[in-house]
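Below: the structure, in structure tokens.
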Amino acid sequence: MAAVVPMVVALAGCANEEPGAPASAATRASSATGTATSILNAGVTAQIGAPDAAMKFLFDPLYDNHFGSLEQLDAALIERIVAGEAPYDNVTAVFVSHAHGDHFSARHITRMLAAQPELQLVAPAQAVEQMRAVEEWNPTFATRIRAISLDNGAQAESFEIGAAKVEAFRSPHSGWPDRHADIHNITFRVSAASGAQMAHRVMHLGDADPGTEYYEPHAEFLSSARSGLAIVPFWFFSEDDAEGLVDTTLNAEGAVGMHVPAQEPASLKDSGWDYFTEEGQVVPIAEVSEQ
């Protein structure tokens, strides 16, 4: 199996922009299918599928707490996402990795369901319970929510949303079991046909721990279908064999880092891997066998 080659993508701005000219997120964000576009922190938009049937999904788009070290969502961006304004329009589903305040806002996700009556949500049951307690909650939202409750090591759950196949498994939160042992961190693998026997397949790992032992129970599942892109927390790139972790353990063509602190770690800058730091940065999702 070939080693993963980090993707060469100008994440800080488009290559055709004038040097020194600020670029708006709208000009940088891609409308093409087969792309992953940064929101902020761990938030990512994935557009997958054939051009005439593309689907848009959001991962961890809204959160309440930046803990003094992460980029903070401003009010205008929150309202654009909640209301479904471009480039956050025509979203099929939102995925929430876990119910921590730097990945999730019970109130804003609930408001999003209220504002977008066709929107679906896939989230850990822990997150859904928090949503039920907010003022904006409406019991009718439950029909559009898939609550995930899995034990560590349990077989991946699989279901469909429209023409997309969604697979979810619980991957221990970074620091497990000494920290966050009670938090259900869910890794999502989402795929959609992009052409004849080809697909876009993307993974989002939330705050997963990079220890390879935690992926051994899922080895058969992960090896069953190669992903075009793994969206991983930036600390995956600090592992001694980060390429093997991406290429072999996760079985992905490439990876991009997320959840990066506002003060970028020097080791990350020198890692050679791509990572998201601001809204509108784009990387491709490689086409893979549909399987």
Side-chain angles (χ1 to χ4, degrees), residues 36 38-46 57-67 69-73 78 81 93-113 119-134 137 141 145-159 161 166-190 202-211 214-215 217-218 221-222 230-236 250 255-261 276:
S38 59
I39 303 174
L40 278 180
N41 187 21
V44 178
T45 301
F57 300 102
L58 304 186
F59 297 93
D60 287 357
L62 293 163
Y63 55 97
D64 288 325
N65 202 328
H66 62 98
F67 293 112
S69 64
L70 301 164
E71 294 290 347
Q72 188 171 6
L73 290 171
I78 291 171
I81 296 171
V94 169
F95 297 92
V96 172
S97 64
H98 63 295
H100 270 167
D102 54 342
H103 289 256
F104 171 66
S105 169
R107 178 171 178 262
H108 292 318
I109 292 292
T110 304
R111 291 178 60 227
M112 197 175 179
L113 286 173
L119 184 68
Q120 298 185 58
L121 173 69
V122 185
Q126 291 176 332
V128 177
E129 285 306 305
Q130 290 185 26
M131 292 171 62
R132 292 179 186 275
V134 304
W137 173 258
F141 295 160
I145 296 174
R146 178 117 185 180
I148 305 293
S149 184
L150 293 167
D151 293 330
N152 284 324
Q155 182 177 350
E157 189 170 320
S158 179
F159 52 95
I161 295 179
V166 179
E167 297 161 300
F169 68 91
R170 183 175 168 184
S171 44
H173 192 290
S174 179
W176 189 92
D178 298 327
R179 298 172 60 245
H180 310 308
D182 59 333
I183 293 296
H184 289 214
N185 184 80
I186 305 299
T187 288
F188 294 105
R189 188 171 74 180
V190 185
V202 61
M203 296 177 67
H204 187 284
L205 284 85
D207 267 358
D209 194 287
Y214 300 134
Y215 301 93
H218 309 290
F221 162 74
L222 289 167
I231 304 167
V232 302
F234 73 93
W235 51 80
F236 272 52
L250 299 181
V256 63
M258 47 79 170
H259 205 16
V260 177
F276 290 143

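The model shown is predicted, which means the values in this text are computed figures rather than measured ones.
Between His259 and His103, the ring planes are perpendicular. Angles over 60° get that label, and only those under 30° would be called parallel. A tilted orientation is assigned to the rings of Phe95 and Phe57, their planes being inclined by 30° to 60°.
One N or O on the side chain of His204 and one on the backbone of Ala42 form a donor-acceptor pair closer than 3.5 Å. Side chain of Asn185 to main chain of Pro172: no donor-acceptor pair is present (N/O by atom type, distance under 3.5 Å, no hydrogens or angles). Looking at Arg189, its side chain never comes within 3.5 Å of a backbone N or O of Glu167 through a donor-acceptor pair. Panel note: side chain Asp60, backbone Ser97; a donor-acceptor pair is recorded below 3.5 Å.
Taken from CZ in Phe234 to CE in Met258, the straight-line distance is 10.5 Å, to the nearest 0.5 Å. The distance from atom CD1 of Ile39 to atom CG of Leu58, rounded to the nearest 0.5 Å, is 5.0 Å. The CG atom of Asn41 lies 11.0 Å from the CD atom of Gln72; values are rounded to the nearest 0.5 Å. Rounding to the nearest 0.5 Å gives a distance of 13.0 Å between OG of Ser158 and CZ of Phe169.
Partner of His173 under the side chain to side chain donor-acceptor pair (under 3.5 Å) criterion, out of Asn152, Asp207, Asp209: Asp207 alone.
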Leu73 and Tyr63: side chain to side chain contact (heavy atoms under 4.5 Å, CB included), yes or no, with the steps?
CA-CA 8 Å; Leu73 290 171; Tyr63 55 97; 3.5 Å; yes
Determine whether Gln126 and Glu129 satisfy the following criterion, side chain to side chain contact (heavy atoms under 4.5 Å, CB included), listing intermediate values before the conclusion.
CA-CA 5 Å; Gln126 291 176 332; Glu129 285 306 305; 5.9 Å; no
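Here the closest heavy-atom approach between residue Phe276 and residue Ser38 is recorded as CG-CB, 3.4 Å.
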